[in-house]
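One structure below.
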Amino acid sequence: MRWSQTFIPTLKETPADAEIVSHKLLLRAGLVRKLTGGLYTFLPLGVRVLRKVEQIIREEMNGAGAVEVLMPALQPPDIWQQSGRYETARDVLFKVKDSAGREWVLSPTAEEVITSLAAGEINSYRQLPKNFYQVSVKFRDEIRPRFGLMRAKEFIMKDAYSFDVSDEAAMASYRKMYDAYTRIFARCGLKAFPVEADTGVIGGNFSHEFMVPAETGENEVAFCEACGYAANLEKATSGLPKTAARGIGGAVEKFATPGVVTIDALSRSPYGVPANRQIKTLVYIADSKPVIILIRGDDQLNETKFMAKTGAIAARPATPEEIVPLLGAKPGSLGAVVNVPAGVNVYADERLQGANDMTTGANEDGFHLKNVSLERDVKVTAWFDLRTVTAGEPCAKCGQPLKIRRAIEVGHVFKLGTKYSEKLHALYLDESGRQQPCVMGCYGIGVTRTVQAVIEQSNDKDGIVWPVAVAPFAVCITPLGVAPGSATMQLAEKIYAELGAQGVEVILDDRDERPGVKFKDADLIGFPLRVAIGEKSLAKGEVELKPRGGALMPVPAEDAVSRVLAWITANRQP
RNA sequence: CGGAGCGUAGCUCAGCCUGGUAGAGCACUUGGUUUGGGACCAAGACGUCGCAGGUUCAAAUCCUGUCGCUCCGACCA
């Protein structure tokens, strides 16, 4: 490709609405342009990178036995109602109406469509296993698009769906995808690692997210360097001991605490009740019903865990206006010992199990209760792990301290089970003629997000530093004089033609620009290897190879092509 | 949806407080000089100051509304 023929609008100045480095570089290097919030046009260089990532994904998916399909992005709502996700995914579903007033949904994922397909086409265990994938545009009604391609209203995703005859077979499919994902991100030059994750609206038995460590990531991951445990903070657990019981303990005793409405205040003089001997009482509205949640005073509720454990679809903290008529006191004086209305579920964090000698609100403003025993004095509906892990807690597996870091989610694999196949009747006949639901898995990669994650992870002060495998062009030839027939241009054309003939993706910067402009642009865009051809070095019979971010390597002009080929071979991802 | 900020040339921004001829740098066009890390000189083109209404002799500037964007929060397969 000749620079003058393509379209690479680089920016010297940083666009005002870009916040993180990868977003700025996407814009400055001329890869994308914003149409409006959350919607981007991919320019020629951006498309090239996108296709590179897609190609890697296709190769690995095909290699793992998946077959490519293409499903409609516009989908009828009735299958979404059948799966239940019309309600559970309501907040992210884009809906449109046609001229007849009929409603459609724009697909954020395609479990419903693929399961409908399987329902019609797969009848026998002889047809299984099958894994279908597609690479397509997806839609999400993001309430706040941000960070460029990271969180957009429209994006490109690879989604795959496996169908198996049994749990064991489904696990094998899951494992194949898990391994394929590991290879895909490695080939993209990304340091991504899998973590245990919450299944969220997709549902299913369990899942792993593939995370790229980055301070700008929107996820937090707890991990153990000693044993390799890693989990999204929404899911992570630790090996902290339960709250110690203290002898028998006396009877529950009410005491006055005028004006004390925080854990912190109760821990101070004159009360002096340490936070870890307090019970924090939270009231949530879960699927329109009030519930009480108990966690230890020094712990934080993990809403995702709460929703996952109780199966709630929507949950929010109750307002004081909702709490007072329910429990008879304002937040800050709440408890679950007395005056808990019948029918209100009480969920307690496992760390409180067996604890006594605890202090909690009396459901009477200005009063607390001490000597509370969870077993004796509180009617707990169910015990769950509901707390958020913090850095430094011992790993549940090996006891070493956990660390927490931010990360970008680029992929997510789910073991779905039969949630969708039962609801949408994807059934097959087994060897003994019995009808069984297919056991499913689903596997997503945010393709556009992956492109940005590569940039976020691989840049320096001068611009992007592309890994060879996903660079828009592997090599940029930079003649410093472009006059037709000049020695520099003739050699540039020759090297350009020979590299092209060898299958190297190469761009020839044939613009009549000053050297500084060309060098700055090449660095900003981040071509892995630059070949500079100028009169000075050519006088010595040399051209200059310069890896992006590396040192200048003068080489004899006649060796340029072979040296470039050797460099690319040596610097390609596995 | 709650809070905050910003909408002025293609881009980055000044001007607004204190109303009175719409600006700078970069980019763009033409000519010239330059030519190994975002050149210089000269000339030029580019704006319904987001939109609508109001106040006023007069509005980019003050007021009201509205739309859009950005940030924080809520939310997030």
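In what follows, chains carry the letters A, B, and so on, assigned in the order in which the sequence lines appear, proteins first and then strands, with residues in each chain numbered from 1. Computed over heavy atoms, backbone and side chain alike; hydrogens, waters and symmetry mates excluded.
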Quiz prompt | Ring-face cation contact, A:Y86 with A:K95, 6.0 Å cut, 45° max | solution = yes
Quiz prompt | A:R140 (side chain) and B:rA77 (base): donor-acceptor pair under 3.5 Å | solution = yes
Quiz prompt | Under 3.5 Å on both distances, the Watson-Crick or G-U partner of B:rG5 | solution = B:rC69
Quiz item: Does A:D523 or A:G38 map to a spot on RNA chain B nearer the 5' end, using the closest nucleotide for each?
Solution: A:D523
Self-check item: Flag, side chain of A:Q452 to backbone of A:F147, donor-acceptor distance under 3.5 Å
Solution: yes
Quiz item: With a 6.0 Å cut-off on ring centres, are A:F206 and A:Y174 close enough?
Solution: yes
Exercise. Hunt down the Watson-Crick or G-U wobble partner of B:rC16, both distances under 3.5 Å, from any strand shown, or write none.
Key: none
Quiz item: 5'-most contact on RNA chain B: A:A16 or A:A532, nearest heavy atom basis?
Solution: A:A16
Quiz prompt | Complementary nucleotide of B:rC40, counting Watson-Crick and G-U pairs under 3.5 Å | solution = B:rG32
Quiz item: Does B:rC26 pair with anything, Watson-Crick or G-U wobble, both distances under 3.5 Å, and if so, with which nucleotide?
Solution: B:rG10
Quiz item: For the side chain of A:E13 and the base of B:rG25, is some donor closer than 3.5 Å to an acceptor across the two?
Solution: yes
Quiz prompt | Base-pairing mate for B:rU56 - Watson-Crick or G-U, with both contacts under 3.5 Å | solution = none
Practice problem: Spell out yes or no: do the side chain of A:R144 and the base of B:rC76 have one donor N/O and one acceptor N/O closer than 3.5 Å? | Solution: no
Quiz item: Any N or O donor-acceptor pair linking the side chain of A:R530 to the base of B:rG37 at under 3.5 Å?
Solution: yes
Quiz prompt | Under 3.5 Å donor-acceptor pair, A:R146 side-chain atoms to B:rU70 base atoms | solution = no
Practice problem: Figure out the CD1/P separation between A:I143 and B:rC72, and round it to whole Å. | Solution: 13 Å
Quiz item: What pairs with A:D509 under salt bridge (charged side-chain N to carboxylate O under 4.0 Å, His left out), at least two apart in sequence or on another chain?
Solution: A:R511
